[in-house]
Amino acid sequence: MHFKQFLSSIGIGSLKVNTVVERPHLEEGETLNGTVYFTGGNSDQEIEFIELNVIKQIENYREDSDFDVIENIVAKQSLEFIGSVKSKAAVMHQFEIVPDERWILENPKGKLILRTIVHVNNGVDVHDEDEITYGTTDSL
């Protein structure tokens with residue numbers, strides 16, 4: 001079995017939300033595919049929706065501050081849910097995000113992040129993230 005290199009994991013009480021990407025290192029023209037897994041949960045933990053954002057993040061160093069992080073969302077996808085996850089069995093939702101030219105990093109200090117945000121009804125939104133790559137990188 002092949003181990004996944006990308007994993008975003010969020011715990012909200014007994015509910016676990018894991019985002020697994022099939023191929024976190026994409027060549028130009030490839031699609032970002034993955035699955036969001038839900039396990040556990042109870043009636044108090046109703047998920048409104050899950051948001052997946054691909055973010056181009058660039059660290060910009062300036063003299064007047066240590067550094068600024070500039071973030072631009074280059075892709076966004078929402079996964080809708082009805083009710084709450086109460087089953088002991090895992091619930092799976094697959095996703096596919098098609099990259100475009102905005103994913104290409106011109107800045108060597110830039111990186112791409114896939115951020116999973118869990119929006120909870122009447123609660124605090126929780127997120128986790130991990131890095132992905134797109135296109136060829138000469139510096140690696």
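For the numbers below, each heavy atom of this structure counts, side chains included, while hydrogens, waters and symmetry mates do not.
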*Hey, mind stepping through Asp130 and Ser8 against side-chain hydrogen bond (donor to acceptor under 3.5 Å, both in side chains) and telling me if it holds?*
CA-CA 6 Å; Asp130 203 350; Ser8 169; over 6 Å; no

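- In this structure the side chain of Phe95 reaches within 4.5 angstrom of the side chain of Leu114, judged on heavy atoms.
- The CG atom of Leu32 sits 10.5 Å away from the CZ atom of Arg23 when rounded to the nearest 0.5 Å.
- Across Thr31 and Leu26, no two heavy atoms sit closer than the pair O-CD2, 3.6 Å.
- Side-chain contact check for Asp125 versus Val118: every heavy-atom pair is 4.5 Å or farther apart.
- Note: Asn53 CG to Ile73 CD1 = 4.0 Å, rounded to the nearest 0.5 Å.
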_Stepwise side-chain contact (heavy atoms from CB on, under 4.5 Å) test for Ile55 and Val74_ = CA-CA 6 Å; Ile55 297 166; Val74 294; over 6 Å; no

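- Here the shortest heavy-atom pairing between Phe38 and His93 reads CE1-CD2, 3.6 Å.
- Smallest separation of non-hydrogen atoms from Tyr134 and Asp100: CE2-O, 4.2 Å.
- Rounding to the nearest 0.5 Å gives a distance of 5.0 Å between CG of Asn33 and CD of Glu96.
- Within the model, atoms OG1 of Thr133 and CG of Leu105 stand 9.0 Å from one another, a figure rounded to the nearest 0.5 Å.
- Between Gln77 and Leu79, the shortest heavy-atom distance links the atoms NE2-CD2, 3.9 Å.
- Residues Trp103 and Leu112 come closest through the heavy atom pair O-CD1, 3.5 Å.
- Residues Leu7 and Val20 approach most closely at CD1-CG2, 3.7 Å, considering heavy atoms.
- In the hydrophobic cluster analysis, where Ile, Leu, Val, Met, Phe, Trp and Tyr join through side-chain heavy atoms closer than 4.5 angstrom, Ile10 is grouped together with Val120.
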*Could you walk me through whether Val17 and Val36 pass the side-chain contact (heavy atoms from CB on, under 4.5 Å) test, one step at a time?*
CA-CA 7 Å; Val17 179; Val36 179; 3.7 Å; yes

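- Judged purely by distance below 3.5 Å, without hydrogens or angles, the side chains of Asn18 and Ser9 pair a donor atom with an acceptor atom.
- Lys109 places none of its side-chain heavy atoms less than 4.5 Å from the side chain of Gln57.
- Under a 4.0 Å N-O distance rule, the pair Arg115/Glu131 does not qualify as a salt bridge.
- Here the CG-CD1 distance, from Asn107 to Ile70, works out to 8.5 Å after rounding to the nearest 0.5 Å.
- In this structure, Thr116 and Val126 have side chains that are not in contact, with every pair of non-hydrogen atoms separated by 4.5 Å or more.
- Atoms CD and CD, on Glu30 and Glu28 in that order, are 10.5 Å from each other to the nearest 0.5 Å.
- Using modelled atom types, one side-chain atom of Lys56 and one backbone atom of Arg102 make a donor-acceptor pair closer than 3.5 Å.
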